[in-house]
Amino acid sequence: MSNQTQLASVLPESECWQLLSSTSLGRLITSVDNQPEVFPVNFAVQNRTLLFRTAEGTKLVSTAINHHVVFEADDHDDAQGWSVIVKGFSQILHADEDIAAAEQTGLRPWVATDKQHFVRIKPMRVSGRRFLFESSP
């Protein structure tokens, strides 16, 4: 086993979901006017999907137009880090029962703005890596 293999390992999907559930800040990657855009969002995991809230604007419009999205979340300390990527489809929730279920997560905007719209990301592919840090390469 090479030193590089020991320093980076692929995570099983179940661990990816555990890690996603352990944090609340991630990045939504989508396309706006045919250009990639990254939006930091607070989120919640529900039934192996991701939920975030948004207001009217670019983020909402881009997820409505570009159903294919990428989502990334990560974390680290002095010794190790991890990154999880979710590739999937975004869906703005409209049905009362879907909104009621999303509200059960307790997901609230961090900034005191009116973010009435819930967006759910349904995954097609979930992948993750864990990295062990060294003091020298």
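Values reported hereafter were calculated over all heavy atoms of this structure, with side chains retained and with hydrogens, waters and symmetry mates removed. Note that this is a predicted model, so its numbers are computed, not measured.
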Find the distance between OG1 (Thr30) and CD (Gln35) and round it off to the nearest 0.5 Å.
12.5 Å

Heavy atoms of Ala44 and Leu107 approach each other most closely as N-CD1, 4.1 Å

With rounding to the nearest 0.5 angstrom, report the CZ to CG distance, Arg130 to Leu7.
13.5 Å

Atom pair NZ (Lys122) and CG (Asn47), whose distance is rounded to the nearest 0.5 Å:
11.0 Å

Pair Arg27 + Asp74, salt bridge at N-O below 4.0 Å:
yes

Can you name the one residue among Cys16, Ser127, Pro123 that meets side-chain contact (heavy atoms from CB on, under 4.5 Å) with Val86?
Pro123

Does Arg120 reach the side chain of Ser90, with side-chain heavy atoms less than 4.5 Å apart?
no

By ring-ring contact (aromatic ring centres under 6.0 Å, His included), which residues pair with His68, not counting sequence neighbours?
Phe89

So do Ile121 and Leu28 actually touch side chain to side chain, heavy atoms under 4.5 Å?
yes

One should read off an interatomic distance between His67 NE2 and Ile92 CD1, to the nearest 0.5 angstrom, of 8.0 Å

Does Val45 belong to the same Ile/Leu/Val/Met/Phe/Trp/Tyr cluster as Leu11, with side-chain heavy atoms less than 4.5 Å apart forming each link?
yes

Would Val70 end up clustered with Val84 when hydrophobic side chains under 4.5 Å apart are linked, directly or stepwise?
no

In Å and rounded to the nearest 0.5 Å, what is the CZ to CG distance from Phe43 to Leu20?
5.0 Å

Looking at Trp82, is its backbone amide N or carbonyl O close enough to the side chain of Arg129 to form a donor-acceptor pair, meaning the two atoms are under 3.5 Å apart?
no

Minimum-distance pair of heavy atoms, taken over all atoms of Phe52 and Asn42:
CB-O, 3.4 Å

Check step by step if side chain to side chain donor-acceptor pair (under 3.5 Å) holds for Ser31 and Glu37.
CA-CA 6 Å; Ser31 177; Glu37 289 289 337; over 6 Å; no

Heavy-atom count around Asp77 CG within 6.0 Å, excluding the residue itself: above 12?
yes

Within one Ile-Leu-Val-Met-Phe-Trp-Tyr cluster: Val119 and Val38, side-chain cutoff 4.5 Å:
no

With sequence neighbours excluded, residues passing side-chain contact (heavy atoms from CB on, under 4.5 Å) with Glu13
Trp17, Arg48, Val126

List the atom of His94, the atom of Ile99, and the distance in Å for their closest heavy-atom pair.
O-CD1, 3.7 Å

If I take atom OG1 from residue Thr105 and atom CZ from residue Phe118, how far apart are they, to the nearest 0.5 angstrom?
5.5 Å

